[in-house]
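In the text below, chain A, chain B and the rest are named by the order of the sequence lines, each starting its count at 1. Bear in mind that the values here come from a model prediction, so they are computed numbers and not experimental data.
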Amino acid sequence: MSVRFGARPCLALAAVACILLDFAAAGAAAEIPLAERRSGYDFMGRETRMMQDDDATNPGMLWVFDGEALWNRKAGSAGRACSDCHGDARASMKGVSARYPAFDAARGRPVNLEQRINACRTERQKAPPLAFESRDLLALTAYVARQSRGLPIDIAIDERTRPFLDAGRETFYRRQGQLNLACTLCHNDNWGAKLAGNPIPQAHPTGYPLYRLEWQGLGSLQRRLRNCFVGIRAEPYAYGAPEFVDLELYLMWRARGMKIETPAVRP
Amino acid sequence: MARAVVSLPAQAKRGEIIEIKTMAAHAMETGFRRTQLGELIPRDIIRRFVCAYNGAEIFRVDLHPAVAANPLIAFTTVATESGTIAFQWVGDNGYAVTETTSIRVE
Amino acid sequence: MTTRREFLVLACGAASITAATAVKAQIDPNQQALRKAAMQEALRKVVGDVPVRRGRVKLELPPLVDNGNAVPLAVRVESPMTSADYVKAIHVFTEKNPLPGVVSVYLGPRAGRAGIATRIRIADSQTVTAIAQLSDGSFWSDSAEVVVTLSACLEEGLI
């Protein structure tokens, strides 16, 4: 039976993983020691790293510049631009994305940066929220997150956020989907190994939103997570689902101290 | 909206070779991809890139679908005189984008 | 919802390990032959009967690409780039992509250095060729081998 290997690489890779990892009990191995954590940047080829490093060649910058224009544009019935309240993003947004997802007292749970931006849109600008994965929301998120480039991820865990962190951790360690795989089996237990010719990274979301060569465009962490879920043949959550934000919180906390790279470039 | 991004020095010495890096926001749809229902997605690409220095063409590229999305075109030119360097991208479905920059040459 | 293709890919998970090592097996041999012929024709249109010499041209591509959708490519041609002796054009061709031509660059002495850097799509592991046309009518070339595991020009995954 002939197989078009190139056609669904994600599913083919996951199928191979399933055969290799079926015997492993989920959660058997420990988390990656803090000192051994590596960004996905380290697993890429030299040329792809150079693409990320130079703003003049980083395609993610096209969205960052769009975001800058949106930041300064008045919107909604309140006729306000982000800059009207927040001034120069280079100052006011410095360090912000490194702290997200963050607890939102009004909602009683953590929200991610996209949700925070939409909260501002609806409540302060009196404008309709931007759709997840829309060009405008990606551009604004990329622009805001870019202001934290080089800063260490700094997620605060306290009694308010702990239950959500635990929920996210539970998702990361849970076997699921038709292939019965858990994130940890590849990304904690087998990072650095090759899966059908491509290295398995540790899965730290240091550079989101990022330009993924596979997408030929910029996308959010949730888009990537949906790819992962489909890859292990599990039902992906909808964009903005609380389960996703809990998982984002866990992943960012797991990457605490690592440097923000937004807009990153990844294969 | 940023339809193209151009990067080059704002000033240079006469005779100096300067590096120019450009990126255009464009999906470069090849015409070979199909939708989930099997329909062919029509080709939609940038076909030509032209750089002109004070009106004189100094660099031209004909692009084919094999050029990646959001194409990078990086090249060099000799800083001959102060003035305007203009960049133009032209493509399918009436796509036309122009960016101009000034350069001071001593 | 599982498509038939997805089911086959899942069921043949083990087969895909062998498929990955035999990376040249992605494009059907008949298709390969047609595309190679198309490249020869495209080359002939540019070069005519003039013999193409190896040298003066340096084509840089990563030997193993992260993703075939955007492969960084750089071409440099040794030339004084004076009005008496310069590079008129640089053409890049592939032998296995659906179309042979990638870019054609037209330049002159005002470029200072003959070269271009860009990013291209590579549909399958193959040889990429760069041809430079000099002001004296001669043609020079260089080629580079590229190995691709995640190809361009094929269907994408689900969002």
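Highest contact tally toward chain C, considering only B/Ile73, B/Ile58, B/Leu63, is held by B/Ile58 [criterion: heavy-atom pairs under 4.5 Å]. Most heavy-atom pairs under 4.5 Å with chain B, from the set C/Ser104, C/Gly115, C/Gly108, C/Pro109: that is C/Ser104.
To the nearest 0.5 angstrom, B/Ile17 atom CD1 is 13.0 Å from C/Arg110 atom CZ. From C/Ile116, atom CD1 reaches atom CZ of B/Phe49 across 8.5 Å, with rounding to the nearest 0.5 Å.
Within the 4.5 angstrom heavy-atom criterion, only side-chain atoms of B/Thr80, from C-beta onward, approach chain C. Neither the backbone nor the side chain of C/Pro72 comes within less than 4.5 Å of any heavy atom of chain B. Heavy atoms closer than 4.5 Å to chain C are found nowhere in B/Ala79, neither backbone nor side chain.
Here the closest heavy-atom approach between residue C/Thr118 and residue B/Leu72 is recorded as OG1-O, 2.6 Å. Across all non-hydrogen atoms, the minimal contact from B/Ala66 to C/Gly101 is CB-O, 4.1 Å. Nearest heavy atoms, B/Phe32 versus C/Pro98: CZ-CB, 3.4 Å. Heavy atoms only, all atoms of each residue included: C/Arg121 and B/Met28 are closest at NH1-O, 2.7 Å.
Taking 4.5 Å as the limit, every side-chain heavy atom of C/Leu99 sits out of range of all side-chain heavy atoms of B/His64.
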